[in-house]
Amino acid sequence: MGIQFRKESFRDDFTFRNSPDTIRRFPFPFDRDDYMYAVNIEPHVKGRPGTAFEHLIDVDEHYVAEMADKALVLKEDPLRCQSLPHMELAGWDLLEMLMEQQASGYPDHFTLVRDSTRWRWINRPLGIDDTFTFGDAATLPYGPMEYITRQAQGDFCLLDQRVGDLWMDAGIVTTQADWSLDFDIGMSFMEWHAPVPRAHELGVFDRALKFLLQLRQGQPMRRSNWTMTVNARLDTSPENYHKWGPDRMTVLPENVGHKVHLRVELQSFWRLPRSNAMVFPIRCYLLKLEELVTEPKWARRMHRVLRDLPQDLADYKGLSRWRQTAVDYLARYDDGAPTSPGVWAD
Amino acid sequence: MPIKSRPVYRPLTPRPGHMHLFAVDGEGGAAVLDMASQAPPGFFAHAHILYIPLSPADDHYLAKLRRLEPDTLFEGPSLAAALPRFGQVLATARMGTRLYLAGTEGLIGQATRMAMEAGMDHASIEAEHRGSLARRVQCVHCKGITEDVTSQPCRCSHCGLTLLVRDHYSRRVAAFQGVCIDAEDPGVVPPLEELFK
């Protein structure tokens, strides 16, 4: 059966919400009651049906609305999608990967027909039926990276690998948690991670880079990251921070469950076959606190993680102004009982 | 702790090469003079030096640089004025040209960017920071560049927002990142500090 795509918004009136099934498939990031940085990388393999890990590229009920929001962001700020000239081949690699994954995971919604380099791509939810020549950008309405990532949830970073480092040389970034592609494009791995506190001293990035350089084709890996967002806003870019920053002053005890969202970034890492480049899809999932507390284990754990988070991490993630309000709300759902191991709801 | 995205600057060191191209401002003149003491004989006969004095007090560097008898010594009135000439020298430079930059971070950053656009590997460039700690800052909101920022926070000279200067540097933009400091509580701005003198 196909997915029922929701009509909803991620700005202005913020009509986004999760259906009960989508709450249960949320990729809750905490496997214990406290949190500290770790290189939490694991193989990106298919997981349990009914979770966000059922397919390697996940499509959910927010797909159509997210694609509309992405188009709005790009219309307002075309610098959110950039590709240095040597990255076009990697863009074709990415196009192939996303079409294959979406078509095999969701045949009701996506179909890819290949006849040598003549390809036909049908995207039913967005009403797209295009025939093009693989490798010839003139046969598509956008460059290959932009074409396909306008049809895929999340942000995408294409990384070139050379001189023992990874370089952020292309990407489309419209749902980011506070970093600017326009500023970071062309940077090495350590350079674009420069503003992250604590993790450099812990050696996290040295280990992560060493690991990623060894990434092999056909063996993608993944990790998750998290923050919290006031209002269901996908575009929490630094570019627009002066517009959305005031949202953080609007959290009150009576609206915190509805306004504050746990925001999980599911990052996966894929080696691409022709270019030897790498793609990092960064998929953003939002869960309202009032939705989160419908799973008692998650409610207890979220309370403990947020309450005990070191202050510098809370500042970096931008939670400090309303953290206590959210902790007080969550405390009502924490009876002190122990939580079971692992991320899954009981 | 050093800023991971900021280039690492080191004392200039003479490198083997057919031509030695220098772009230098202000107290960067002293860096070239210090390096000259370890340069092999004949080194400056193949040197092209572009020097930009930043104040009348820098004029003595010109006289001292001239005494090194470089092939070419050009005095530019400002970096903006000198960059087109620098770009032309880069564009016509042959293999084996070495690039040496000394002085303010603004000069080093903009000359590095131009050299990268001309196909030079940034890792092959010799760069030594001398003089002012002033930063070039790109406003992440309007993308405008504000030159010679010495205060934290600073004001964007294009859109007027009050910006926190982050410890995050882009070689491609040749600037630090500035992000609105009072977005959450407009008008509530910490006292201005002269941090980058």
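Numbers restart at 1 for each chain; the letters A, B, ... are given by sequence-line order, proteins then strands.
Note that CZ of R172(B) and CG of L84(A) are 7.0 Å apart. Values are rounded to the nearest 0.5 Å. Here the CG-OH distance, from L161(B) to Y241(A), works out to 11.5 Å after rounding to the nearest 0.5 Å. Taking CZ from F205(A) and NZ from K4(B), the interatomic distance works out to 10.0 Å, rounded to the nearest 0.5 Å.
Only the backbone of W192(A) comes within less than 4.5 Å of a heavy atom in chain B; its side chain stays farther off. For L79(A), the part lying under 4.5 angstrom from a heavy atom of chain B is the side chain only. Residue A175(B) touches chain A through its backbone alone, counting heavy-atom pairs closer than 4.5 Å. Heavy atoms closer than 4.5 Å to chain A are found in both the backbone and the side chain of Q177(B).
Each of D247(A), I185(A), V163(A) has some count of heavy-atom pairs under 4.5 Å with chain B, and the biggest count is that of I185(A). The choice from S237(A), P195(A), G186(A) that makes the most heavy-atom pairs within less than 4.5 Å of chain B is P195(A).
Closest heavy-atom contact between F183(A) and F176(B): CZ-C, 3.7 Å.
Atom CD of E193(B) sits in a sparse spot, with 12 or fewer heavy atoms from other residues, nucleotides or ligands closer than 6.0 Å. The local environment of CG in D148(B) is sparse, with at most 12 non-hydrogen atoms from other residues, nucleotides or ligands closer than 6.0 Å.
Counting heavy atoms from C-beta outward, M187(A) and S170(B) have side chains that approach closer than 4.5 Å. A heavy-atom distance below 4.5 Å is found between the side chains of R321(A) and D185(B).
Remark: side-chain polar atoms of H242(A) are not paired, donor with acceptor, to backbone N or O of C180(B) under 3.5 angstrom.
Comment: D77(A) does not engage K143(B) in a salt bridge, judged by the lack of any side-chain N to carboxylate O separation of less than 4.0 angstrom.
Screening V173(B), V179(B), V140(B) against S180(A) for a side-chain contact (heavy atoms from CB on, under 4.5 Å) leaves a single residue, V140(B).
Between the side chains of D184(A) and H168(B), a donor-acceptor pair is found at a separation under 3.5 Å. In this model, no donor atom of one side chain and acceptor atom of the other lie less than 3.5 Å apart for Y169(B) and E191(A).
Within residues 21-38 of chain B, no residue has any heavy atom less than 4.5 Å from a heavy atom of chain A.
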